[in-house]
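One structure is given below, encoded as structure tokens.
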Amino acid sequence: MDLTVLYRGPLASCDYDCPYCPFAKRRDSTAQLRADRDALERFARWAADSEDELSLLFTPWGEGLVRSWYRRTLTELSQLPHVRRVAIQTNLSCRTGWLAEADLDTLALWCTYHPGQTPYDRFLGKCRDLADRGVRFSVGVVGLPAHLAAARRLRADLPPHVYLWINAAEGHTYGDAEADGWTALDPLFPYSRHPHRSAGLPCRTGESVISVDGTGTVRRCHFVRDELGNLYDGSYRAALRPRACPLAVCDCHIGYVHLESLPLYDVFAGGVLERVPSALPGHGTVRALTLTARSVSGGGGDDGPDR
């Protein structure tokens with residue numbers, strides 16, 4: 001089968017101090033880091049031995065790519081013939097030389113710029129380096145008013161083919177004028193502006209998309225806590241089936257992108273995991289579906305800077 005897996009291990013430490021993130025500047029102990037490495041390596045062994053076609057997205061609470069075991073795992077998984085895509089959410093604070101060993105037809109990055117946490121020119125330089133290497137990646141900013149000038153500067157300086165996404169800030173209400181300013185940068189921002197009503201609507205999670213934690217516990221997604229089984233004993237497979245969302249709303253991109261009531265699999269065809277649209281914003285498919293986004297009742301604010 002074709003299976004998409006969102007993996008989130010116990011790693012919770014980050015090298016940034018973002019005021020909108022509960023894991024800012026959190027430090028994991030040596031034992032916690034060892035447990036995270038062991039859990040990740042176990043997951044990588046499962047993926048390597050899987051008979052399914054896999055698409056893998058790593059969504060750590062902390063920053064993974066500053067840890068050697070994440071860089072090594074992504075590199076190795078990218079080289080497996082049955083892995084269609086392997087991607088990770090990152091603040092891009094790590095060095096980029098490790099990418100030379102990865103299969104760039106498979107590996108992709110979902111990058112977030114956090115103004116005030118890293119020098120602008122350093123972040124932009126890394127983005128340009130990714131582009132020069134031929135890495136598939138998107139770049140995003142949390143849509144706080146204080147970030148607007150930096151986001152505009154970033155959009156002007158990024159290579160034209162790189163998609164700049166804007167996440168609605170948790171707890172922030174956007175008036176129409178403010179929302180229009182963000183939509184000028186990201187035509188898909190209307191999808192992120194308000195939570196999506198999801199109760200009773202069909203969703204690919206729990207059927208072709210699953211969430212896995214460091215112990216191997218399988219859930220349909222990160223936001224529905226009901227367990228489907230365990231990855232490593234295979235007990236989850238009997239639970240995979242079409243199902244409706246049990247929650248009232250879905251307010252995170254890595255959740256609502258899988259709702260069948262939204263056209264986002266068309267918008268991000270080939271780039272769902274790394275948040276790379278199939279056409280440049282403002283052109284072709286994305287422009288047409290931006291009009292759809294404006295007509296959707298509720299958009300979907302995300303539950304954190306990278307989510």
Side-chain angles (χ1 to χ4, degrees), residues 1-6 53 55-57 59 84-85 87 89 108 110 136-141 143 155 160-168 174 176 179-211 220-224 240-303 306-307:
M1 66 180 296
D2 293 336
L3 187 65
T4 295
V5 184
L6 281 60
E53 296 286 329
S55 298
L56 309 172
L57 174 61
T59 64
R84 293 185 172 183
R85 178 74 72 228
Q89 296 176 322
W110 167 327
R136 284 179 57 86
F137 70 105
S138 65
V139 177
V141 178
R155 176 63 279 167
H161 73 277
V162 175
Y163 171 52
L164 178 72
W165 48 264
I166 304 297
N167 269 1
Y174 294 85
D176 289 343
D180 287 346
W182 290 114
T183 303
L185 293 174
D186 174 11
L188 300 177
F189 177 72
Y191 283 108
S192 184
R193 183 180 175 185
H194 303 290
H196 290 277
R197 292 194 296 270
S198 58
L201 296 178
C203 182
R204 297 171 179 88
T205 62
E207 179 185 11
S208 60
V209 181
I210 58 173
S211 166
R220 62 177 301 170
C221 71
H222 288 335
F223 317 106
V224 177
L240 298 181
R241 64 177 184 274
R243 62 189 75 209
C245 181
L247 304 181
V249 296
C250 187
D251 65 354
C252 177
H253 179 89
I254 59 174
Y256 65 70
V257 73
H258 304 295
L259 280 172
E260 295 183 36
S261 56
L262 298 177
L264 294 179
Y265 265 49
D266 293 325
V267 174
F268 293 99
V272 170
L273 296 190
E274 63 271 28
R275 205 170 178 174
V276 172
S278 58
L280 292 179
H283 300 278
T285 302
V286 171
R287 181 170 183 175
L289 289 168
T290 297
L291 301 178
T292 303
R294 291 182 181 276
S295 69
V296 171
S297 177
D302 293 75
D303 70 343
D306 297 332
R307 322 302 167 213

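Since we're looking at a predicted model, the values are computed, not measured.
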Side chain to side chain donor-acceptor pair (under 3.5 Å) involving Arg204 - partner list, sequence neighbours excluded:
none

Does a side-chain heavy-atom distance below 4.5 Å link Val249 with Tyr256?
no

SG of Cys250 to CG of Leu262: how many Å apart, nearest 0.5 Å?
9.0 Å

Residues in side chain to side chain donor-acceptor pair (under 3.5 Å) contact with Thr4, at least two apart in sequence or another chain
none

Rounded to the nearest 0.5 Å, what's the gap from CZ on Arg275 to CG on Leu57? Could you check?
11.5 Å

Heavy-atom nearest pair, Pro242 first then Glu207, reads CG-OE2, 3.5 Å

Validation row: Pro190, Thr183 side chains within 4.5 angstrom (heavy atoms):
yes

When you measure from the side chain of Ser138 to the backbone N and O of Val276, does any donor-acceptor pair fall under 3.5 Å?
no

What residues form a side-chain contact (heavy atoms from CB on, under 4.5 Å) with Asp2, not counting sequence neighbours?
Glu53, Arg84

Rounded to the nearest 0.5 Å, how far does CG of Leu201 lie from SG of Cys245?
7.5 Å

Sorted by chain and residue number, the ring pair (Phe, Tyr, Trp, His ring centres under 6.0 Å) partners of Phe137 (sequence neighbours excluded) come out as none

Applying side chain to side chain contact (heavy atoms under 4.5 Å, CB included), run through Asp176 and Arg193 and close with a yes or a no.
CA-CA 10 Å; Asp176 289 343; Arg193 183 180 175 185; 2.8 Å; yes

Distance-minimising heavy-atom pair for Ser211 and Cys221
CB-C, 3.4 Å

Nearest heavy-atom pair of Val267 and Leu188: which atoms, and what distance?
CG1-CD1, 3.6 Å

Going from CZ on Arg85 to CG on Leu273, what distance comes out if it is rounded to the nearest 0.5 angstrom?
7.5 Å

Consider ring pair (Phe, Tyr, Trp, His ring centres under 6.0 Å). Of Phe268, Trp165, Tyr191, which one does His253 pass it with?
Phe268

side-chain contact (heavy atoms from CB on, under 4.5 Å) partners of Val5, counting only residues at least two apart:
Leu3, Phe43, Trp46, Leu56, Ile210, Val212

Partner residues of Cys203 under the side-chain contact (heavy atoms from CB on, under 4.5 Å) criterion, sequence neighbours left out
Thr205, Arg220, His258, Leu259

